[in-house]
Each structure stands twice: as C-alpha cells, then as structure tokens.
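Since the structure comes first, as structure tokens, the remarks are kept for the end.
Just so we're clear, the structure is a prediction, and the values are computed from it rather than from any experiment.
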Amino acid sequence: MYRILLIDDASEDNFLHARTLRKHFEGCTVELAEHGERGLELLAEMSPEGVDLILLDVNMPVMDAWGFLERYGALTEPERARRLLLMLSVPLPSADHERVLAYADIHATLTKPLNAAEIASLMEGNGLGS
C-alpha cells in the first residue's frame, strides 16, 4: 500500500489528484499539504514509516517547490520519499528547467492534471511497482 504526499495549494487540483491516485493505487494513503512548509511537517510526522511518493507543485504561497527542495535535501533517509515528482501547471521557463536539473532528488516532472497511469509507469520503472 502506497503512502503519497501531495503538496499543492490548489484545493480543486488536490481533490481531483487525490481521487485519481486513490482510484489507481487501491488502498493508498494520500496526505495533503497546501505548501512546502506543511509538507515538511507531514514528512516528519510520517517518519519512520516513510513516504513512497511526493507530488510537489512548483508555485505555492508560504513555501514554494524551490524552498521545499532546499530543506528536503537536508532530511535524513527515513524522512525522504522513495520518489519525488514535480508537478507543473504550465511549461517551465528555461531558467527553471535548468534549476530542476540541479536537484538530483527530482525523479521526473509531470504536467497537471496528473495522469495516474503515467505515475504508475514512473514508479514501476524505479522498482516501486503498483
């Protein structure tokens, strides 16, 4: 059973994405955070069981994806997810695309709305299966 952390400030997207994930990954747990800082708090609370997947929106108030990633890099292994995927609502400007490449923790970028089959394929390709 997957444990998924969805970090996004858009409540409509969260509703749709959580429903899609629960339908595709039967029995999964989806935790929601409205910004990166809350996402980091939830990661600490979910340790030591850990998280299988983090889906991270780029633009959020309080702490955006870049602030989250800076602090995420300092977390211990049990606090980290097995996969971290960056969600995009619009194509990234070239400067931000280069920024993504600087973070080894990002396994892939996905365009919203999320496609559960695409996530499953990425997870299977990284040994997590569905």
Side-chain angles (χ1 to χ4, degrees):
M1 176 171 24
Y2 286 124
R3 294 184 79 193
I4 299 170
L5 176 56
L6 178 57
I7 307 172
D8 191 344
D9 63 315
S11 58
E12 300 85 14
D13 288 348
N14 284 339
F15 175 80
L16 175 66
H17 295 153
R19 191 177 83 192
T20 300
L21 292 165
R22 287 182 182 117
K23 182 177 178 182
H24 190 81
F25 301 109
E26 191 174 323
C28 77
T29 302
V30 179
E31 295 289 336
L32 302 172
E34 62 280 356
H35 53 76
E37 192 168 313
R38 180 65 183 136
L40 291 166
E41 291 169 359
L42 284 173
L43 280 175
E45 291 171 16
M46 296 169 86
S47 185
E49 295 87 15
V51 175
D52 296 297
L53 174 66
I54 296 174
L55 296 164
L56 177 65
D57 186 30
V58 175
N59 296 312
M60 296 174 286
V62 182
M63 180 186 286
D64 64 9
W66 312 118
F68 175 88
L69 289 165
E70 289 299 322
R71 297 216 357 233
Y72 182 82
L75 296 179
T76 63
E77 197 61 37
E79 294 171 312
R80 293 168 157 265
R82 291 165 186 79
R83 290 284 152 256
L84 179 100
L85 305 177
L86 197 63
M87 298 184 298
L88 308 172
S89 52
V90 295
L92 281 176
S94 59
D96 281 348
H97 180 69
E98 303 234 350
R99 224 172 158 183
V100 168
L101 297 175
Y103 290 99
D105 292 316
I106 298 174
H107 295 94
T109 58
L110 301 170
T111 304
K112 291 182 186 180
L114 295 179
N115 177 319
E118 184 178 16
I119 294 170
S121 175
L122 287 166
M123 292 174 77
E124 287 170 7
N126 288 292
L128 291 177
S130 66

With heavy-atom distances below 4.5 Å as the criterion, would you say the side chains of Leu43 and Ile54 are in contact? yes
Just verifying a value: how many Å separate Leu40 CG and Ile7 CD1, rounded to the nearest 0.5 Å? 7.0 Å
When you look at Thr76 and Glu79, which way does the side chain to side chain donor-acceptor pair (under 3.5 Å) test go after all the steps? CA-CA 5 Å; Thr76 63; Glu79 294 171 312; 3.1 Å; yes
Ignoring hydrogens and angles, tell me if any N or O in the side chain of Arg80 forms a donor-acceptor pair with the backbone of Gly73 under 3.5 Å. yes
Calculate, to the nearest 0.5 Å, the distance between atoms CG and CD belonging to Leu21 and Glu26 respectively. 13.5 Å
Could you check whether any side-chain heavy atom of Ile119 comes within less than 4.5 Å of a side-chain heavy atom of Leu110, counting everything from C-beta outward? yes
Does a side-chain heavy-atom distance below 4.5 Å link Leu56 with Leu85? no
On a heavy-atom basis, which atom in Leu5 and which in Val51 lie closest, and how many Å separate them? N-CG1, 4.0 Å
In Å, rounded to the nearest 0.5 Å, how long is the span from CG of Leu53 to CZ of Arg82? 10.5 Å
Write out all pairs satisfying side-chain hydrogen bond (donor to acceptor under 3.5 Å, both in side chains) with one or both partners inside residues 31-40, taking only residues at least two apart or from two chains. Arg38-Glu41, Arg38-Glu45
Between Trp66 and Val100, does a side-chain contact (heavy atoms from CB on, under 4.5 Å) hold up when you go through it step by step? CA-CA 9 Å; Trp66 312 118; Val100 168; 3.6 Å; yes
Residue pairs passing the ring pair (Phe, Tyr, Trp, His ring centres under 6.0 Å) test where at least one lies in residues 67-95, sequence neighbours excluded: Phe68-Tyr72
Using a 6.0 Å cut-off, check whether atom CD of Glu77 has over 12 heavy atoms from anything other than its own residue. no
Asn115 CG: over 12 foreign heavy atoms closer than 6.0 Å: yes
Correct closest heavy-atom pair for Ala33 and Gly39 would be CB-N, 3.5 Å
Under the salt bridge (charged side-chain N to carboxylate O under 4.0 Å, His left out) rule, what pairs show up with a residue in residues 10-21, not counting sequence neighbours? Asp13-Lys112
Look at Arg3 together with Asp52 and state whether they make a salt bridge at an N to O cut-off of under 4.0 Å. no
Just how far is it from atom CG of Asn14 to atom CG of Leu32, taken to the nearest 0.5 Å? 5.0 Å
Distance (rounded to the nearest 0.5 Å) between Leu55 CG and Arg83 CZ: 12.5 Å
Asp64 side chain near Asp57 side chain, heavy-atom distance below 4.5 Å: no
Do Ser121 side-chain atoms and Ala117 backbone N/O form a donor-acceptor pair below 3.5 Å? no
